[in-house]
Amino acid sequence: MPGQAPARSTDRHAAAAHLVNMIDTGLRPTIPAPGDTHTPGTKPGSQAERDIMTPTYRHLVPDLRLSLANLVRASEAMARIAVLGWVPLEGYPGADQPWLMQCRLCGWKGRRFWSHLRGRNGSKLPRPITRHPGCIPVQDMPAMLIILASERLRDCPCEYRHPTTPAAALAVVNRIGTAVETGAAITALRTARAVLEPCPAATARADVLRWAYDRRVKAVAACR
């Protein structure tokens, strides 16, 4: 169940009894348990890796194998949940793993699944529509999301410039890709700031990063 520690039972009967006990206490598979608040800068990794990442994005490094593809997917997922009124409190864990985040409509913290938030078959309709237990009334959500939408921009206004143009995205993608391929993890993680750090232009950034990534993949395939 989301938010619950994995447990292994001695046999199927013990497993069923454990499930019944959890349900009897009020837990449900569709109701994520509140998650712990994150502490920026506590992302696991070597001391050298932690030292080169700033607190603005250290906790957002995906809890996945370090790869260009995973960083681009993380950028896309974070951009989309921002549109839906969520703030990630930890790195992107993959589509089907519980992801700790905060609801910007009411402040609730808990774990949600990216596979639920992105919708099915490209519909982009989040499931469930009620977001989480205790959120504001469904009828009030559109107005709140419209207010949040006013914060989004097409161009990055940050002091640290995040890529929102094809040329800038290609430069970032190629640098990370080369670093990963050559085993230069420190360089890849340092450059990941451009991909993961919160930015009002996150949607535009995700779009150009996807374009740049696809272009690099095609170029590499053509050279083989």
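Because the structure is predicted, anything quoted here is derived from the model rather than measured. Reckoned from all heavy atoms, side chains included, excluding hydrogens, waters and symmetry mates.
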Closest approach of L66 to V180 (non-hydrogen atoms, all atoms of both residues): O-CG1, 3.8 Å
Joint hydrophobic cluster, I136 plus L148, side-chain heavy atoms closer than 4.5 Å: yes
Donor-acceptor contact below 3.5 Å, side chain R131 vs main chain G85: yes
Exercise: identify the closest heavy-atom pair between V173 and R216: CG1-CD, 3.7 Å
Stepwise side chain to side chain contact (heavy atoms under 4.5 Å, CB included) test for W99 and I81: CA-CA 11 Å; W99 189 3; I81 67 171; 3.9 Å; yes
Shortest non-hydrogen separation from P163 to L209 and the atoms involved: CG-CD2, 4.2 Å
Cluster check L71, I186: I/L/V/M/F/W/Y, side chain < 4.5 angstrom: yes
Connected via hydrophobic side-chain network under 4.5 Å: V138 and L145: yes
R210, CZ: over 12 other non-hydrogen atoms inside 6.0 angstrom: yes
Neighbour count >12 (heavy atoms, 6.0 Å) for atom CZ, R154: no
Nearest non-hydrogen partners of P93 and L64, listed with the distance: O-CD2, 3.3 Å
Co-membership, hydrophobic cluster, residues L68 and W211, 4.5 Å side-chain: no
Parallel, tilted or perpendicular, as decided by the 30° and 60° cut-offs, for the rings of Y92 and W114: perpendicular
Pair R111 + E90, salt bridge at N-O below 4.0 Å: yes
Common cluster, L196/Y160, ILVMFWY with side-chain heavy-atom separation under 4.5 Å: no
Heavy-atom donor-acceptor pair, T178 side chain to R175 backbone, under 3.5 Å: no
